[in-house]
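Model, not experiment: these values are computed from the prediction.
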Amino acid sequence: EYTVKIEDPAIVSYTQEIRYNRSDHEELEGAGYDVIFEFTGLKPGKSEVTISARSPIADNFDAFYVAEVDEELNITMNYIDSTDVDAEEE
């Protein structure tokens, strides 16, 4: 499961889409899929963005970005760092 936290939602917003790898995914247990985030600039500025991944069978992490929105509302996502959540809990 993925979640997004935007520090300043007045600067940037997002949508999330899940795309399954197979058309018969409803008939499968544990069907593979991709999670696609699309970010939209709302006004010029910068905002921190955290994407969190949580799973009982895969990696758990928080990835940190800075979203920069220019005057034309174009977005640049700058990767800052990632933290392994399981490693912190040990």
Hphob cluster co-occupancy, V69 + F37, side-chain heavy atoms under 4.5 angstrom: yes
Report yes or no: does S47 contribute a side-chain atom to a donor-acceptor pair with the main-chain N or O of D8 at less than 3.5 Å? yes
Any heavy-atom pair between the side chains of D34 and Y20 that's under 4.5 Å? no
From E48 CD over to K5 NZ, what is the distance, rounded to the nearest 0.5 angstrom? 8.5 Å
For residues F61 and T83, determine if any side-chain heavy atom of one lies less than 4.5 Å from a side-chain heavy atom of the other. no
Heavy-atom closest contact (D70 atom, E72 atom, distance): OD1-N, 2.9 Å
Rounded to the nearest 0.5 angstrom, the CD1-CD distance for I75 and E68 is 11.0 Å
Give a yes or no on this: more than 12 heavy atoms of other residues, nucleotides or ligands lie within 6.0 Å of atom OH of Y2. no
Got V85 and D62 here, is their nearest side-chain heavy-atom distance under 4.5 Å? yes
So, do V66 and I80 sit near enough that their side-chain heavy atoms are less than 4.5 Å apart? yes
Return yes when atom CG of N78 has more than 12 non-hydrogen atoms of other residues, nucleotides or ligands closer than 6.0 Å, and no otherwise. yes
Nearest non-hydrogen partners of Y79 and D81, listed with the distance: OH-C, 3.2 Å
Kindly indicate whether the side chain of V4, heavy atoms from C-beta on, has any atom under 4.5 Å from the side chain of V49. yes
Is the Y14 ring parallel, tilted or perpendicular to the F39 ring (thresholds 30°, 60°)? tilted
Whether E17 and R19 form a salt bridge (side-chain N of Lys/Arg under 4.0 Å from carboxylate O of Asp/Glu) is what I want to check. yes
Minimum heavy-atom separation for R54 and N60, please, with both atom names. CA-OD1, 2.9 Å
Heavy-atom side-chain contact between L42 and I11 under 4.5 Å: no
